[in-house]
S.K.: 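There's a structure below that I have some questions on.
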Amino acid sequence: MLTHGKHTTKILSKWYKHFGIDHVFIDATPEFTKKSSKKIDQQQEFISLEELRNFIMETDVCGLKKFARHTVFSDGDPSSRIMLIGEAPGEQEDIQGKPFVGQSGQLLDSMLKSVGLSREDTYITNIVFWRPPGNRTPSPDEIVMCMPYVKEHIRLINPRILLLLGGVAAKAILNTSDGITKTRGNISKFQDINAVPTFHPAYLLRSPGQKALAFNDMIKMKKLLT
Ligand code: URA
């Protein structure tokens, strides 16, 4: 049973299909759509990064904020040409309020270093701004609810390159149901921005044999800067 508005239901149906979900038997309506004190305008445009940041800091756009210690908005240089997008904050990120500061973050730092970059040379964010309880993958609903703000985030940063870390980010940004094994290393476009999907550092920690492929993706990404 879906209880969203017509417009939201249409977007959700598309995303359920996209994630291979044929039927939804539970009422997966995020809490804020049931008893929201704030009206969420899916088409909202922000005039500055600060305005978007303030809005995200104070609004539960997808129902996850109430479970989290901190909102994890971003880290790095807003004027960078490289914008990194991960999946969702984990435990350490939730504690510190910054993306990629745990074990995955350490590996991400090494991946950047392998091509002569540091995190300060980049701008880092996630598809959702709050840690999902128990570190679960964000649900299609939660992703759909955050996407208008992620798109605004990209528009305001206006990077040359998007480095998409893992399948959740790649599927959401590239609007594809293809898995990361298939999309990684293929230079795609998000609007007119080059987007390079690669493996998520957390996956590489579990499957270190795949690091060489991720290294190739990093080289491809770096070459796009020249
Ligand atoms: N994994 C992510 O996708 N993002 C983070 O910020 C941390 C871990």
Side-chain angles (χ1 to χ4, degrees), residues 15 19 49 52-53 56-57 60-65 67-78 80 82-114 117-147 149-151 153-154 157 159 161-174 176 178-181 183-184 190 195-208 210-211 213-214 217-218 221:
W15 275 78
F19 279 89
L49 187 61
L52 173 65
R53 188 175 192 280
I56 292 299
M57 296 308 282
D60 195 356
V61 301
C62 69
L64 284 174
K65 187 176 194 292
F67 303 116
R69 293 180 180 97
H70 282 107
T71 298
V72 178
F73 186 71
S74 68
D75 193 21
D77 177 6
S80 173
I82 313 167
M83 182 170 184
L84 275 54
I85 307 184
E87 178 179 319
E91 188 177 19
Q92 279 308 312
E93 291 75 19
D94 184 42
I95 291 170
Q96 297 184 41
K98 275 189 183 180
F100 286 100
V101 289
Q103 268 195 320
S104 301
Q106 284 170 21
L107 182 53
L108 179 60
D109 288 345
S110 318
M111 288 164 73
L112 291 169
K113 199 170 168 196
S114 72
L117 294 169
S118 73
R119 72 165 51 213
E120 291 77 24
D121 298 319
T122 70
Y123 184 81
I124 310 178
T125 189
N126 282 303
I127 290 289
V128 302
F129 303 97
W130 300 274
R131 179 195 184 208
N135 279 0
R136 64 166 169 74
T137 303
S139 71
D141 272 15
E142 288 153 359
I143 294 170
V144 168
M145 298 300 163
C146 285
M147 274 310 284
Y149 307 101
V150 174
K151 286 182 178 169
H153 208 169
I154 297 170
I157 295 297
I161 295 168
L162 289 170
L163 182 66
L164 307 174
L165 300 166
V168 167
K171 283 180 180 179
I173 299 294
L174 302 177
T176 177
D178 289 342
I180 192 66
T181 313
T183 56
R184 63 139 284 278
F190 171 78
V196 183
T198 192
F199 290 129
H200 193 287
Y203 169 75
L204 294 173
L205 287 170
R206 297 192 301 274
S207 309
Q210 304 284 56
K211 281 184 186 174
L213 291 175
D217 303 341
M218 296 299 287
M221 182 275 292

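Both backbone and side-chain heavy atoms feed into the values below; hydrogens, waters and symmetry mates do not. Order of listing sets the numbers, starting from 1, for every ligand and every atom in it.
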S.K.: I'd like to know if the side chain of Asn126 reaches the main chain of Phe129, judged simply by a donor and an acceptor atom lying under 3.5 Å from each other, with no hydrogens or angles considered.
M.R.: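 Judged by distance alone, no pair lies under 3.5 Å.
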S.K.: Just checking Lys65: does its NZ atom have more than 12 heavy atoms from other residues, nucleotides or ligands closer to it than 6.0 angstrom?
M.R.: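 Check passes, neighbour count above 12.
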S.K.: Could you tell me whether the side chain of Gln106 and the main chain of Gln103 form a donor-acceptor pair under 3.5 Å?
M.R.: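 Absent.
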S.K.: Are the side chains of Ile127 and Met147 in contact, using a 4.5 Å heavy-atom criterion?
M.R.: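 A side-chain contact under 4.5 Å exists here.
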S.K.: Enumerate the atoms of ligand 1 whose separation from the nearest heavy atom of His200 is less than 4.0 angstrom.
M.R.: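 By the 4.0 Å cutoff, the relevant atoms are 1 (N), 2 (C), 3 (O).
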S.K.: May I ask you to check if ligand 1 and Glu87 share an N or O to N or O distance below 3.5 Å?
M.R.: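 Right, the criterion is met.
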S.K.: With heavy-atom distances below 4.0 Å as the criterion, list the atoms of ligand 1 near Gly86.
M.R.: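 Per the distance check, 3 (O).
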S.K.: Could you list which atoms of ligand 1 come closer than 4.0 Å to a heavy atom of Asn126?
M.R.: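 Near Asn126, the atoms of ligand 1 are 2 (C), 3 (O), 4 (N), 5 (C), 6 (O).
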S.K.: Can you pull out the closest protein heavy atom to atom 2 (C) of ligand 1? Residue, atom name and distance to 0.1 Å, please.
M.R.: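 Result for atom 2 (C) of ligand 1: Ala88 O, 3.0 Å.
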S.K.: Please state which part of Ala169 comes within less than 4.0 Å of ligand 1, counting heavy atoms only: side chain, backbone, both or neither.
M.R.: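 No part of Ala169 is near ligand 1 at this cut-off.
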S.K.: Please could you name the atoms of ligand 1 that Pro99 approaches to less than 4.0 Å, counting only its heavy atoms?
M.R.: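 Under 4.0 Å from Pro99, ligand 1 has these atoms: 6 (O).
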S.K.: Quick one: does Phe100 get an N or O within less than 3.5 Å of an N or O on ligand 1?
M.R.: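 N/O-N/O distance under 3.5 Å: yes.
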